[in-house]
Each structure stands twice: as structure tokens, then as C-alpha cells.
Protein chains: 2
Amino acid sequence: MIQTNCFLKLHEIYSYMLALKHLRLIEALHDSGSITRAATRLYLTQSALSHQLVALEAHYGVSLFERARPLRLTPAGELLLALSREIMPRIDAAKRDLARLAEDNQPGKLRIAVECHTCYDWLMPAMDAYRAHWPEVEMDLVGGFHTDPVMLLDEDKADLVIVSEIGKHKGVVFSPLFRYEMLALMATAHPLASKPCLTARDFANDTLITYPAPDRLLDLVRRVLKPAGIAPERRQAELTVAIVQLVASRKGLAALPAWAVQSYLERGYVVARPITKRGLWSGLYTAARESDAVRAYHKDFVATLREQAFMTLTGIEPLD
Amino acid sequence: MIQTNCFLKLHEIYSYMLALKHLRLIEALHDSGSITRAATRLYLTQSALSHQLVALEAHYGVSLFERARPLRLTPAGELLLALSREIMPRIDAAKRDLARLAEDNQPGKLRIAVECHTCYDWLMPAMDAYRAHWPEVEMDLVGGFHTDPVMLLDEDKADLVIVSEIGKHKGVVFSPLFRYEMLALMATAHPLASKPCLTARDFANDTLITYPAPDRLLDLVRRVLKPAGIAPERRQAELTVAIVQLVASRKGLAALPAWAVQSYLERGYVVARPITKRGLWSGLYTAARESDAVRAYHKDFVATLREQAFMTLTGIEPLD
DNA sequence: TTTGTATCATGAATCATATTCCCGCAAGAT
DNA sequence: ATCTTGCGGGAATATGATTCATGATACAAA
């Protein structure tokens, strides 16, 4: 027998059935177009978001989006999306202000070192976006190739370096950015273009064109050619566009990140093929001194980096 | 031995360490001037808010308010207060819109009945505040005295009644508004004014001036005089101001809510004394049909009622 | 000074809720 | 058909928020 409570529970009015996480959820859902993708973006599982959604929808008795592809928000969903777009920037700004107050306005410093020039492609828009939120943080780029860029942290010559591998350095913390596929580049009429994917052997009889970097940093060499005992003729070029030009001129093959050559492929300058059947995937990480990494301006930079990368680049995947 | 994690936890960026509850907390703290009072206002314990506060302060490494009376917010606290003032109205509005969408825009109806005329004092500002948020809800006042106003609900002549006692009616739910003290009113030079408080006996030799209501609704009669077997001479007046005028003119004594006579006391028209040593406290509740009470527009009205009462009236206490 | 009252802080226990894990189902894609 | 992928939902787990019980502190009154 159900005993109907004779009291109206007023504290429900203050219940947080509509919470900030719900707004982020709607926004991620709208931006990414699927619960699963929204989940990885929010560092949660698909199931978690599914539960959040049904709870929210049940509480207000409305459906928020149509379960069909392409995913479309209902009017109620649009309402929350608009709310989120309006409010979240204010919340985030307040968090930054709070962090600034807490650290007594002592400004941060970000001297950034990159292992490979290609990274500038997405680093620039990210730095621009970041500058808008943290104008007082002094940003600088540390130029040149470095044998071990993580050392730059110890030597206090850089505050954040972008690396392709995580190591175990004392006092240094890493953060995954994204993973991407290395594609083999060849001239449009190249005989290998008929193969769906290339193997180590395919590189044996052609010149390999690379950045001027030690083999340790060239994923193709380190993870594919060297294990197979294949050492093709080599040639170096500083800039991505130069490498692509050499490949198009039939001077040899190259292996570059998919996102770096996307535009050249679209214009048909060269063709690209996966390396090995499953593809050659690499990752990018940030590394920083732990003492810096805990600070808000720093975390926010890494987050911006990730966010901007996913917005700017195509064909990259979440990492870790 | 502590193993320092070599990864930067990025999902902390999306952590809800700054949540809506924190904004409500700051606002309640600022408005009420003490953690304890803020707690009752938010239907939580003092301890809960204290924990929330230290967690928030620890997370950002700032203090939010000075632990001294009068309570004063620090710059960080002011920051959050400003954020709250800006954002919470938008959140609340969105909740209402969501509720409207869910109920397919079928507008609500609020025919309100009150047991005692005095209630209009705080009912009016509350209704005004509510109208701004729910313009489509048709509000009406059900006039006249009623022997059992809860019956008006069954008879579908009212949708919400304000009563001084909760009963057990099928399909009717109650919600506590606030409790208040009934004060004995007397002329400034009245001999009883020398006593710190009045007892039942003190009413025996004077005329008692009341509203034209059945004894059942007059707390002084029902809970003090009748149990003591004291039945003074009686006289009635419709309006609070008229009762006060009669008392000032030495026509007798009266018992009225503290908040109803506050302004007259300040101007020295009459004097007031507690009734019995611990004072005579009464409560006010809303009653409504359960089917109505679950709907958002209705809950919101009750919440507004409470809120406005605490903002408008002095000397009232949370109830239940 | 003492006593009482009110407020806040704090640790432990409890309770509530959010998230994950795991599986089934349905809808394309192969 | 047979995979693959994404979603929903139950049960278990992890995380967290709230309360309870208590002690410390400040202030007012005795």
C-alpha cells in the first residue's frame, strides 16, 4: 500500500536536476553528433552520458534529441544548447578569474618547444584562441631541433614541449593530445599507388624524404623500416611543402601525418597510402614540469590545444 | 613512498568543482549573513554548507568570505556572487521554459484562498514577483471567510489555500511556509506593558479585539485562553489597521502576528509583549490538490511565496 | 571569572548519486 | 549471413555529498 506523502517536497526546487554537466552534455552532443563521441570528448563513457540523458529527459518529461543520424536536437534540446552557449563561457571565465585571484595575479610563462615543424599548423590557431583568455601569459616559441626536447624543461629553456612519446622523467608530467595516422606519400603516377597499403619492403627501392631529424623521431624509420632491416636512400627537406613538392617531382617517397597533407591530397598533387595493413599511428603529448602543470593557466593551455586540434584537424583520434 | 603520477589529469578541466550549488551557496551566504541561516534556506545542514565551502576554497586556494560578523565576502566571493546574480536567473528561466515545453504549454490556474486577511500583506508582493515569471498562469483570489478552506480544493473553488494547520486530507498536499510569533498588543500606557510577557490570566479583565473569524482560527483563543478557561469580552474588526487603532484607543487587547504590527510598533502607536514565557508561535502552510502540486508552475509559486515572505517580513522563522 | 548561547569546523559514518562494466538489441556496412 | 558500431539498461562499483556527533571559539549575560 502506497502512502502518499502529504508534504510537497520544496527542496526539489533547489535540486540540481539541471546541472552544468547537462549543459556540457548537450553541447558536446550537438558538436560531436553522437553520444559515443561526446563521451570521449568529456572523458566519460557512452553509458554515463546515456544515463545522464535519460535522467534529464525523464525529469522534465521531454525528449532532447532525436535518436537518429544525423542527430538532431528537439526544441527542448535547442533551448538547453542556447543556454549552454550563453552561460558556459561566463562560468569558464569566472573559473579563470578565480584561478588568477588565487595565484595572486603572478602571470604564467609558456615557452613552447615542438619536435616537428608540422605542429605549427595547429599550434598557431590554438595559441591565438588561448591568448584571448589568458592575455597576461607570455607565450614564446623555442626554435630549432633538439636531441631530447624534454631536457629543455630541466634546463629551464622551455615550459612546455610537444613530444611524440611519453617517458619517465622525474618532475615531468605528460598529457595526451591526440593520435594520428602517418601516410605514405607518392607521386600520382607512382607504381606503388596501385597497392591499397604499403609495407616496409616497398620503401627499399626508392629515396625516402624526411625532415632533418634523428631517426629516433621518424616513426616510419624507427617502427617499420629499422625492424625490417631496410635502409633506403635518404634525402632531407625542412618544410612540409618542400617534401610534398619533392614527392610530386618523383624524387622519392615520404611519410607524413594525415592532417598535414590533407590539403595537398584534396588538390591531387600527390597520393597517399596507409603504411602496413593497420596503418602507422602515432601520438602527440605535451610534457611539462610538474610545478607548472598544476597551475590553471597551464592546464587550460593543454585543454585548448586538444580542443583546437580536434576542431582544426581531420582524421585524428582521441588518445588514451 | 608516493608515486607521482606522470600524467596530467585533463578531465579535471571539466570537473564540476564550480557547480551551480556553489553559486547558490554564495548567494544564500551573502543574503542571510550566516552559514546556519543559509543552510536552512537551502534545505541543508550547516555542516553540509561548511564542507562545500572548504572544498571550494581549497580547490581554488582562495578564501571566499571573512569568518566574522558581519559576514563579508572577499573579492573572490564577490566574483562568484556576481556570477551567480548573472547566471542563476537564466538557469531558472530555462527550467521554467523546459517545464512549459514538457506540459505542452497548457497554462496553469491559481485560485488562491487565504484564511486570514493579514496574509495579503505578503501575498501581494509574492504574486507580483511570480507573475513576472509565469505570465500565462491565471491568478485569482477567492474572497470571504470559509469554515474549512481546504474544502475549497475538493469543491474545485480554489487551487491553493493558505492555512495555519496541516490536516490529513486525501489527495491534498501541504507545504510549510514559515512560522511567526503572535504578539499581544496594548496601548502604550497600558498597565500590562510593565510585564515582560503576558499570560492567559492577563487577558481576563480586558476586551479582546479580533478578526471576525471562528475561534478555531484564533490561536490566542484556541491555544491559550480556552485551555485556561478564560473568556474575555470580545469585539471584532476587519482590518489590521482598525484593530491597532482600537488597541491604541484603549478599547482592549489584541494578538497579531509580529510581522503584521512591526511598522506600528516602530512608530510607537502601541506596544507588544510575548504571550506566555516562550511566546505563542504559529505556522503557515499551503495546501493544494496533489495533481496540481506536482506541476512546475505550482511548485514555483510556493517557492516564491516562501522566498518573498522571508525577504519581506521580519521576525519569521523557517518552519519544519 | 564563569556560564550559557550561538556559530562554525571537522572527522567518521552514512546515504545518495554518478559512473562503469557488461550485455542485449537494432541498424547499417561488408 | 556476419561483422561492426552505437545505444539503452541492469547491476555493481566508485565517488561524492550530507548528516551526525563533537569540539573549538566568540560573545553576552550573570
Side-chain angles (χ1 to χ4, degrees), chain A residues 9-12 14-26 28-59 63-74 77 196 277-279 317-318 320, chain B residues 5 9-12 14-26 28-59 63-74 77 196 277-279 315 317-318 320:
Chain A
K9 280 170 238 145
L10 208 51
H11 67 264
E12 281 179 7
Y14 295 110
S15 86
Y16 302 99
M17 193 53 242
L18 182 57
L20 295 184
K21 68 173 178 182
H22 295 119
L23 298 187
R24 292 214 202 271
L25 164 58
I26 294 290
L29 212 51
H30 174 264
D31 292 353
S32 68
S34 106
I35 296 189
T36 308
R37 273 192 296 279
T40 67
R41 175 174 147 160
L42 296 175
Y43 299 93
L44 291 172
T45 61
Q46 169 269 320
S47 185
L49 293 202
S50 181
H51 282 294
Q52 288 185 7
L53 267 171
V54 295
L56 189 58
E57 291 184 329
H59 184 265
S63 110
L64 293 171
F65 72 98
E66 293 163 21
R67 265 70 167 175
R69 243 162 312 281
L71 175 151
R72 263 206 20 231
L73 294 178
T74 64
K277 210 156 44 188
R278 6 184 84 180
E317 293 286 323
D320 175 73
Chain B
N5 194 334
K9 280 170 235 144
L10 208 51
H11 66 266
E12 281 178 7
Y14 294 109
S15 87
Y16 301 99
M17 193 53 240
L18 182 57
L20 295 185
K21 68 172 177 183
H22 295 121
L23 298 187
R24 291 214 203 271
L25 163 58
I26 294 289
L29 212 50
H30 174 263
D31 292 353
S32 67
S34 106
I35 296 188
T36 310
R37 273 191 296 278
T40 67
R41 175 175 147 161
L42 296 174
Y43 300 93
L44 291 172
T45 61
Q46 168 268 320
S47 183
L49 294 202
S50 181
H51 280 295
Q52 288 185 7
L53 227 16
V54 296
L56 189 59
E57 291 184 330
H59 185 265
S63 109
L64 293 171
F65 71 99
E66 294 162 22
R67 265 70 167 174
R69 243 159 314 282
L71 175 150
R72 264 205 19 231
L73 294 178
T74 64
K277 209 154 43 187
R278 11 184 81 181
E317 293 285 325
D320 175 73

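Within every chain, numbering begins at 1; the chains are lettered A, B, ... in the order of the sequence lines, protein sequences first and strands thereafter.
- DNA chain D is contacted by both Q52(B) and R67(A); R67(A) maps to the nucleotide lying nearer its 5′ end (nearest heavy atom per residue).
- Put simply, the side chain of L49(B) reaches to within 4.5 Å of the side chain of Q52(B), judged on heavy atoms.
- For the pair Q46(A) CD and dC25(C) P, the computed distance is 16 Å after rounding to whole Å.
- T36(A) has no side-chain polar atom (N or O) that falls below the 4.0 Å cut-off from OP1 or OP2 of dT5(D).
- Side-chain proximity of K21(A) to dC8(C), dT18(D), dA18(C): nearest is dA18(C).
- Annotation for L20(B) and L20(A): closest pair CD2-CD2, 3.8 Å, computed over non-hydrogen atoms.
- Atom CG in L53(B) sits about 14 Å away from atom C1' in dA17(D), given to the nearest Å.
- Between S47(B) and H51(B), some side-chain heavy-atom pair lies under the 4.5 Å cut-off.
- Residue whose closest nucleotide on DNA chain D sits further toward the 5' end, between S47(B) and I35(A): I35(A).
- Not one side-chain nitrogen or oxygen of S50(A) sits closer than 4.0 Å to the OP1 or OP2 atom of dC7(D).
- Remark: side-chain polar atoms of R67(B) are paired, donor with acceptor, to backbone N or O of F65(B) under 3.5 angstrom.
- If you take NE2 of H11(B) and P of dA18(C), they are 17 Å apart, rounded to a whole angstrom.
- With rounding to whole Å, Y43(B) atom OH is found 14 Å from dT19(D) atom P.
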Verdict with reasoning, L73(B) to L64(B), per side chain to side chain contact (heavy atoms under 4.5 Å, CB included): CA-CA 6 Å; L73(B) 294 178; L64(B) 293 171; 5.6 Å; no
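- The CG atom of L44(B) sits 15 Å away from the P atom of dC8(C) (whole-angstrom rounding).
- Summarising the geometry, the separation between NE2 on H59(A) and P on dT17(C) is reported as 11 Å, rounded to the nearest angstrom.
- For a distance-only test at 3.5 Å, the side chain of H51(B) qualifies as a donor-acceptor partner of the base of dG11(C).
- We find that OH of Y14(A) is positioned 15 Å from P of dT18(D), with the value rounded to whole Å.
- Across all strands, S34(A) comes closer than 4.0 Å only to sugar-phosphate atoms, never to a base (heavy-atom distances).
- Here dA6(C) presents its C1' atom at 13 Å from CD of E317(B), a figure rounded to the nearest Å.
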